[in-house]
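In what follows, every heavy atom counts, from backbone to side chain, and hydrogens, waters and symmetry copies are set aside.
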Amino acid sequence: MRPVDENDPKGLIYEAYRIEGISAEECRTIFLDWALSLRDVEAGAAIPVLLARHGQEGHPMTDVLREGLASPDRARRRGGRKARLN
């Protein structure tokens, strides 16, 4: 039986670790669904808890969760007059 947890309200991360042969692309899709399902907790706070609980070396979900901890690239301005004239 899966643990009920505010860090994984639908049990998506729990189940992802139990799917044999899951791909990195499937893990990214599950990660997105998981992030959108969070209500009371921010993903940045939940990811370390989930890694401590489920993280297995060599599992694609572990890699995806670690990627989720990385700071996003800083947004850069794109476009403008120069881009429209070229």
Side-chain angles (χ1 to χ4, degrees):
M1 178 125 191
R2 79 173 172 87
V4 177
D5 182 11
E6 67 180 0
N7 296 309
D8 191 11
K10 292 182 178 179
L12 296 171
I13 305 299
Y14 174 84
E15 293 298 332
Y17 276 101
R18 276 134 192 86
I19 298 172
E20 206 168 307
I22 192 168
S23 70
E25 293 78 24
E26 292 167 322
C27 288
R28 284 187 192 94
T29 301
I30 291 169
F31 178 83
L32 180 61
D33 189 18
W34 166 80
L36 293 173
S37 71
L38 291 177
R39 299 274 182 238
D40 301 328
V41 158
E42 289 188 27
I47 292 173
V49 173
L50 295 172
L51 278 170
R53 182 181 306 145
H54 302 294
Q56 301 169 9
E57 289 303 317
H59 195 285
M61 184 53 86
T62 300
D63 297 336
V64 170
L65 287 172
R66 286 183 180 149
E67 289 171 14
L69 283 175
S71 298
D73 290 337
R74 195 172 163 174
R76 292 183 214 118
R77 183 176 174 176
R78 297 175 12 188
R81 181 175 186 271
K82 184 177 179 182
R84 287 190 302 270
L85 295 176
N86 287 335

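Side-chain contact between Tyr14 and Asp5: absent, with no pair of heavy atoms (C-beta onward) separated by less than 4.5 Å. For the pair Val41 and Val49, the minimum side-chain heavy-atom distance is 4.5 Å or more. Side-chain atoms of Ile22 and Ile30, non-hydrogen and from C-beta on, do get closer than 4.5 Å to each other.
The salt bridge (Lys or Arg N to Asp or Glu O under 4.0 Å) analysis of residues 22-36, with sequence neighbours excluded, yields the pairs Lys10-Asp33, Arg28-Glu67. Counting only residues at least two apart or in different chains, salt bridge (Lys or Arg N to Asp or Glu O under 4.0 Å) contacts with residues 36-47 are absent.
Here the straight-line distance linking atom CG of Leu50 with atom CE of Met61 works out to 9.5 Å at 0.5 Å rounding. To the nearest 0.5 Å, atoms CG (Asn7) and CG (Leu51) are separated by 11.0 Å. Atoms CD1 and SG, from Ile19 and Cys27 in turn, are 7.5 Å apart once rounded to the nearest 0.5 Å.
Nearest heavy atoms, Leu38 versus Pro9: CD2-CD, 3.9 Å. Contact detail for Gly68 and Phe31: the closest heavy-atom pair is CA-CZ, 4.0 Å. In this structure, Ala45 and Pro48 approach most closely via the heavy-atom pair O-CD, 3.5 Å.
By the ring-ring contact (aromatic ring centres under 6.0 Å, His included) test, Tyr17 is found to be paired with His54, His59, residues two or more places apart in sequence or in another chain being considered. By the salt bridge (Lys or Arg N to Asp or Glu O under 4.0 Å) test, Asp63 is found to be paired with no residue, residues two or more places apart in sequence or in another chain being considered. Not counting sequence neighbours, Gln56 has no partner by the side chain to side chain donor-acceptor pair (under 3.5 Å) test.
A side chain to side chain contact (heavy atoms under 4.5 Å, CB included) with Trp34 is found for one member of Ile47, Thr29, Val64 and no other, namely Ile47.
Connectivity analysis of hydrophobic side chains (ILVMFWY, heavy atoms under 4.5 Å, direct or indirect) links Leu36 to Leu32.
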